Number of protein chains: 2
Amino acid sequence: MIGFEHHNHADCISTSVEAADNYCRTAGLQLTPARRRVLEILLGEHRALGAYDILEILAKNGFAAQPPVAYRALDFLVKHGFAHRIERLNAFVACAHPGIEHDPSFLLCRICDAVAEAQSDAASGRLGKVAETTGFKIERAVVEAVGVCPNCRGET
Amino acid sequence: MIGFEHHNHADCISTSVEAADNYCRTAGLQLTPARRRVLEILLGEHRALGAYDILEILAKNGFAAQPPVAYRALDFLVKHGFAHRIERLNAFVACAHPGIEHDPSFLLCRICDAVAEAQSDAASGRLGKVAETTGFKIERAVVEAVGVCPNCRGET
DNA sequence: TGTTGATATGTTATACTATAACGATTAGCA
DNA sequence: TGCTAATCGTTATAGTATAACATATCAACA
Ligand SMILES: [Zn+2]
Ligand SMILES: [Zn+2]
Ligand SMILES: [Zn+2]
Ligand SMILES: [Zn+2]
């Protein structure tokens, strides 16, 4: 599972940025320098980063250091599916399946903060059934499992 | 589903407070005035309230108006299962099944802010399987479905 | 009874997260 | 070119949460 396993991380980054690039060109979206840089920053880690963590890195990269700079880029990335917001952490993570329509769920390690993305089936599982019989229309499901990742087993 | 349907709400409150009372007596916990009042406030609404909403009401009830007053009471209620935190809303809701061991999930209406609590099976569903094969140990699952409740269907 | 340790409260200050607002600039297109 | 929408720069402020420390309460128990 990407996020917990060793892998060729440089590939991980370059293919995702390239995918975002292509998608934006096709869809008429602007992957501006700040947006691209934030995506790269997120891709650099398989964990969630807070907006202010990102802002700090942006500042070192010569971008303005005001919160809206980070939030605007993050809003763009989340809106177009290049990144996801982790509600539990008030933080953001790069999407592991960019360009593919999906309904993400997450495994969050409380020890090392690693994040892995999986597919969600909340809307079709038990909760979906409850919603259906109740007449509730699910538009989006936040599914975030908190626990201990394989690398941290045995460490408290 | 409690939260979306009409029901005898006075009962809803009194039985839950009584249950909390009994549980605390048995478990040697102190349901102090502030804690009890916060529980009553939460029970008064089938929706999530922010800590500062609660603080405001506490202040009108003669309690001190500093954030820790609300947060401490909420921490107690959440810790002992009388209330739940809704990550998506940075807010809190009274538990609909106090005293029963459970793993809650929520249906959140984005129109009227009503909240309904259901059982979660995230740890035993698809995500649970992924976690198991990965070696990730799920300790807790945040499951919050955002959508439109039966009472708000047809209103946007 | 008096000590002690655990729990709860009062209070001040501060940290962290997020958005409003508005003017300047730029990109894309008729 | 001129128009329009999108983006960016910047300041200010709103909203959420916790650190820290002093005080108070209460039960266990020597
Ligand atoms: Zn990688
Ligand atoms: Zn994704
Ligand atoms: Zn509950
Ligand atoms: Zn509703």
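The structure displayed is predicted, hence computed values, not measured ones. Residue numbers begin at 1 in each chain, while the letters A, B, ... track the order of the sequences.
- Using a distance-only test at 3.5 Å, with no hydrogens or angles considered, no donor-acceptor pair links the side chain of A:His46 to the main chain of A:Val93.
- Remark: P of D:dT16 and CG of B:Leu49 are 11 Å apart, rounded to the nearest angstrom.
- Looking at which nucleotide of DNA chain D each of A:Pro68 and A:Phe76 is closest to, the 5′-most match is held by A:Phe76.
- Relative to the side chain of A:Arg72, the nucleotides C:dA27, D:dA17, D:dC8 differ in distance, and D:dC8 lies closest.
- For B:Arg37 and C:dA8, the CZ to P distance is 20 Å, given to the nearest whole Å.
- Closest to the side chain of B:Gln30, out of C:dA18, D:dA17, C:dT7, is C:dT7.
- We find that CZ of A:Arg25 is positioned 12 Å from P of C:dG28, with the value rounded to whole Å.
- Regarding B:Asp75, its CG atom lies at a distance of 12 Å from the P atom of C:dA8, rounded to whole Å.
- Atom pair A:Tyr52:OH and D:dT16:C1' shows a separation of 12 Å (rounding to whole Å applied).
- Ring-to-base geometry does not place A:Tyr71 in a stacked arrangement with C:dT19 (centre distance under 5.5 Å, plane angle under 30° required).
- Among C:dA8, C:dT19, D:dT7, the nucleotide with an atom closest to any side-chain atom of A:Pro67 is C:dT19.
- The side-chain heavy atoms of A:Asp53 and A:Ile41, taken from C-beta on, include no pair separated by under 4.5 Å.
- B:Arg153 contributes a side-chain N or O that, together with a main-chain N or O of A:Gly135, makes up a donor-acceptor pair within less than 3.5 Å.
- Between C:dC16 and A:Asn90, no contact under 4.0 Å exists linking OP1 or OP2 to a side-chain N or O.
- When the C1' atom of D:dT7 is taken as reference, atom NE2 of A:His80 falls 13 Å away, rounded to whole Å.
- For A:Val69, whose side chain is taken as the heavy atoms from C-beta onward, the closest listed nucleotide among D:dT10, D:dA17, C:dA8 is D:dT10.
- Between the CG atom of B:Leu29 and the C1' atom of D:dA27 there is a distance of 15 Å, rounded to whole Å.
- The hydrophobic clustering, which links ILVMFWY residues whose side-chain heavy atoms are closer than 4.5 Å, places B:Phe76 and B:Tyr23 together.
- The distance from atom CZ of A:Phe63 to atom P of D:dG9 is 9 Å, rounded to the nearest whole Å.
- Linking Ile, Leu, Val, Met, Phe, Trp and Tyr whenever their side-chain heavy atoms come within less than 4.5 Å leaves A:Val148 and A:Ile86 in two separate clusters.
- Comparing D:dA17, D:dA6, D:dT10 against the side chain of B:Ala51 picks out D:dA17 as the nearest.
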